[in-house]
Amino acid sequence: MPIERDIDFNYGYRVMCPGCRSSHWHTADEYLASLGSEAKTCKGSGKKTLVVAPDHLGLRDQSDPVAGSKELHDYYWYHSTPCPDWPPTAYQWSEETQIGYERTLKGDALENVRRSKEDQALHLGTYEAAVENVLRRMDAEGERDVQFYLHRVQLKEGLKFNDKPRPDAAVEKTTQAAIREKKLSGIRYLNTRESPGSVSLAVVREAIASSQCIRMPPEGLVADLVPGMMEEVLRIRKQEEFEVQAVPVEESPSAVLLRALSKKDGKERTGPSVATPPAEVMRVRNDAWSRIKALFAGEYLENVSPVLREQFFKSVRKPGKAGVDVDDRDWLRLALKMAPFLARHEDIRAALDNQPWVLVSPEATTKG
């Protein structure tokens, strides 16, 4: 049987200097604190060339066996998607997709895009990468109400891959035809979007032997809200609203101007009377949200890094107007569904163990 690799959502980051290619290890806290900041001085080059950003990450675990192994079938691989029967037998080109591409493409150009989509390589990664892919799509693509499925995959023996992981940007849109032209079964690449620094694969359909599938989340694994948590959230919201109401309201510049003009000529004028919420209001709201996040994370996201906690809360939706109970209940409901995939992954893999292995036919050309 293939090997299940250890799962870790509290990993660090290996930042590479683009100048001298030296690597600099950052814990999750250090990475989060430095993300988006100005370039730092690299200890290797002595110059300010070290930029903490996803595009500058290197292989996280330099002893990772899948980075150079020729026996990738020795390991389980994962894929997350809204498709329960992935990989499907045919690419579903929706009418909405067709209309979207027709706005900018015509004739052969449109047909080429269709063919490329139909022949897109199939992407596999670690368990962490598959879970983080769902979080990314929920956030970046607004797919919070989409039903996702987690697939565990076995590869066939005797496959051929490139020797070292390539940058993911060079592989993202790779087609199966392009892989076959290279006489390969797939391309291993460095994933910098999901579980950054891990190795993922872009493979042809015939490289997959079989797969298992569960809903995200499977029945019985949705976390329950601990007693008193909703009451504590409401208490924080009530205190937040009290503090916001205590902040002095500032007139907007346009309101000041209109009042001056009305006083001058006696004509009544109307317009916006309140400025953008002052910094103190934003501080109060952010502080309340931070306390609520810490409350939830302390119960449901143990051993999950601060980087992934932030991504998690962005994905399940930040609550809207303070004090609106239904908003908090909505995101909490979604958070309780997704939290087990980060904190109870042994139970998730046990749920997969109870699913049958389904053989994947090699013939179809499909979406990845």
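What's counted below: heavy atoms across the whole structure, side chains too, no hydrogens, waters or symmetry copies. Being a predicted model, the structure only gives us computed values, none of them experimental.
- Between Cys42 and Ser22, the shortest heavy-atom distance links the atoms SG-OG, 3.3 Å.
- A donor-acceptor pair under 3.5 Å is absent between the side-chain atoms of Gln212 and the main chain of Pro356, judged by distance alone.
- Under the 4.5 Å side-chain heavy-atom criterion for Ile, Leu, Val, Met, Phe, Trp and Tyr, Val153 and Val358 are members of distinct hydrophobic clusters.
- Across every non-hydrogen atom of Asn162 and Ile187, the tightest pair is OD1-CA, 3.2 Å.
- With respect to Glu241 and Arg285, a salt bridge is recorded, a charged nitrogen being found less than 4.0 Å from a carboxylate O.
- Heavy atoms only, all atoms of each residue included: Asp163 and Arg188 are closest at O-NE, 3.7 Å.
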Determine, step by step, whether Arg237 and Ile292 satisfy the side chain to side chain contact (heavy atoms under 4.5 Å, CB included) criterion, reporting the C-alpha distance in whole Å, the side-chain angles of both residues, the deciding distance to 0.1 Å, and the verdict. CA-CA 9 Å; Arg237 289 300 189 198; Ile292 291 173; 3.6 Å; yes
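- The number of heavy atoms from other shown groups lying within 6.0 Å of NZ (Lys156) is above 12.
- Under 4.0 Å is where a charged nitrogen must lie from a carboxylate oxygen, and between Lys48 and Glu38 no such pair does.
- By the 30° and 60° cut-offs, the orientation of the rings of Phe312 relative to Phe296 is parallel.
- With salt bridges taken as basic N to acidic carboxylate O contacts below 4.0 Å, none links Glu132 and Arg193.
- Annotation for Leu221 and Arg344: closest pair CD2-NH2, 3.1 Å, computed over non-hydrogen atoms.
- Leu190 and Val171 fall into different hydrophobic clusters, defined by Ile, Leu, Val, Met, Phe, Trp and Tyr side-chain heavy atoms under 4.5 Å apart, directly or through other members.
- Counting only heavy atoms from C-beta outward, the side chains of Arg14 and Gln62 approach each other to under 4.5 Å.
- Checked options Phe341, Tyr76, Tyr78, Trp77; the residue passing with Tyr127 is Tyr78 (criterion: ring-ring contact (aromatic ring centres under 6.0 Å, His included)).
- A donor-acceptor contact closer than 3.5 angstrom links the side chains of Ser200 and Asn191.
- In this structure, the separation between OG on Ser211 and NE2 on His151 is 6.5 Å, given to the nearest 0.5 Å.
- Contact between Tyr31 and Val307 at its shortest, heavy atoms only, is CD2-CG2, 4.0 Å.
- With values rounded to the nearest 0.5 angstrom, Ser315 atom OG is found 10.5 Å from Glu310 atom CD.
- Distance CD1/Ile214 to CD/Glu219: 11.5 Å, rounded to 0.5 Å.
- The cluster map of Ile, Leu, Val, Met, Phe, Trp and Tyr, joined by side-chain heavy atoms under 4.5 Å apart, puts Val66 and Leu184 in different clusters.
- Leu359 forms part of no hydrophobic cluster, judged by ILVMFWY side-chain heavy-atom separations under 4.5 Å.
- Side-chain contact between Leu50 and Thr41 is absent, with no heavy-atom pair separated by less than 4.5 Å.
- In this structure, the side chains of Cys17 and Lys47 stay at 4.5 Å or more apart for every pair of heavy atoms.
- Residues Lys40 and Ser34 bring a donor and an acceptor atom of their side chains to less than 3.5 Å of each other.
- Summarising the geometry of Leu336 relative to Pro340, their closest heavy-atom pair is O-CD, 3.3 Å, with the distance given to 0.1 Å.
- The CZ atom of Arg137 sits 13.0 Å away from atom CG of Asp139, with the distance rounded to the nearest 0.5 Å.
- Checking Thr192 against Asp168 by side-chain atom types alone, a donor-acceptor pair falls below 3.5 Å.
- At least one side-chain heavy atom of Leu122 sits under 4.5 Å from a side-chain heavy atom of Arg205.
- Under the 3.5 Å distance criterion, with hydrogens and angles disregarded, a donor-acceptor pair is assigned to the side chains of Ser63 and Asp61.
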One pair to check against side chain to side chain donor-acceptor pair (under 3.5 Å): Thr175 and Arg180. What are the steps and the verdict? CA-CA 9 Å; Thr175 64; Arg180 294 187 187 103; over 6 Å; no
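- Following chains of ILVMFWY side-chain contacts shorter than 4.5 Å, one can reach Tyr75 starting from Phe161, so the two form part of one hydrophobic cluster.
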Start with the C-alpha gap between Tyr13 and Thr27, add the side-chain angles, then the distance that decides, and say whether side chain to side chain contact (heavy atoms under 4.5 Å, CB included) holds. CA-CA 6 Å; Tyr13 300 80; Thr27 65; over 6 Å; no
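- Heavy-atom neighbours of Asn354 CG from other residues, nucleotides or ligands within 6.0 Å: above the threshold of 12.
- A salt bridge links Arg152 with Glu4: at least one charged nitrogen is closer than 4.0 Å to a carboxylate oxygen.
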Carefully, step by step, assess Arg349 and Ile7 under the rule side chain to side chain contact (heavy atoms under 4.5 Å, CB included). CA-CA 11 Å; Arg349 291 203 297 203; Ile7 295 175; 3.5 Å; yes
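- You'll find the side chain of Tyr149 stays beyond 4.5 Å of the side chain of Cys83, heavy atoms only.
- For the atom pair CG (Leu308) and CG (Leu135), the distance works out to 8.0 Å, reported to the nearest 0.5 Å.
- The aromatic rings of His123 and Tyr189 lie perpendicular to each other, with more than 60° between the two planes, well past the 30° mark.
- Between the side chain of Ser185 and the main chain of Lys160, a donor-acceptor pair closer than 3.5 Å is present.
- Proximity of Gln120 to Lys173: side-chain heavy atoms (C-beta onward) are nowhere separated by under 4.5 Å.
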Set out, in order, the CA-CA distance, both residues' side-chain angles and the distance that settles side chain to side chain contact (heavy atoms under 4.5 Å, CB included) for Asp64 and Val199, then state yes or no. CA-CA 9 Å; Asp64 187 347; Val199 176; 4.2 Å; yes
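- Inspection of the Gln239 and Arg235 side chains reveals no N or O donor paired with an N or O acceptor under 3.5 Å.
- Between His24 and Met16, the closest side-chain pair of non-hydrogen atoms is not below 4.5 Å.
- A salt bridge does not link Arg317 to Asp330: none of the charged side-chain nitrogens sits closer than 4.0 Å to a carboxylate oxygen.
- Under a hydrophobic-cluster definition in which Ile, Leu, Val, Met, Phe, Trp and Tyr are linked whenever side-chain heavy atoms come within less than 4.5 Å, directly or via other members, Trp25 and Leu57 are assigned to different clusters.
- A donor atom on one side chain and an acceptor atom on the other are found under 3.5 Å apart for Asn133 and Ser80.
- With hydrogens and angles left out, the side-chain atoms of Arg215 and Gln147 include a donor and acceptor closer than 3.5 Å.
- In this pair, Trp289 and Trp331 present their aromatic rings perpendicular. The plane angle is above 60°, beyond the 30 to 60° band.
- Distance check: Ile208 CD1 to Leu124 CG gives 5.0 Å after rounding to the nearest 0.5 Å.
- Under the 4.0 Å criterion applied to side-chain N and carboxylate O atoms, Arg291 and Asp287 are assigned as salt-bridge partners.
- A 4.5 Å side-chain heavy-atom check between Ile348 and Pro218 finds at least one atom pair inside the cut-off.
- The pair Lys238-Glu231 does not meet the salt-bridge criterion, since no charged nitrogen lies less than 4.0 angstrom from a carboxylate oxygen.
- With hydrogens and angles disregarded, a donor-acceptor distance shorter than 3.5 Å links the side chain of Thr126 to the backbone of Ala129.
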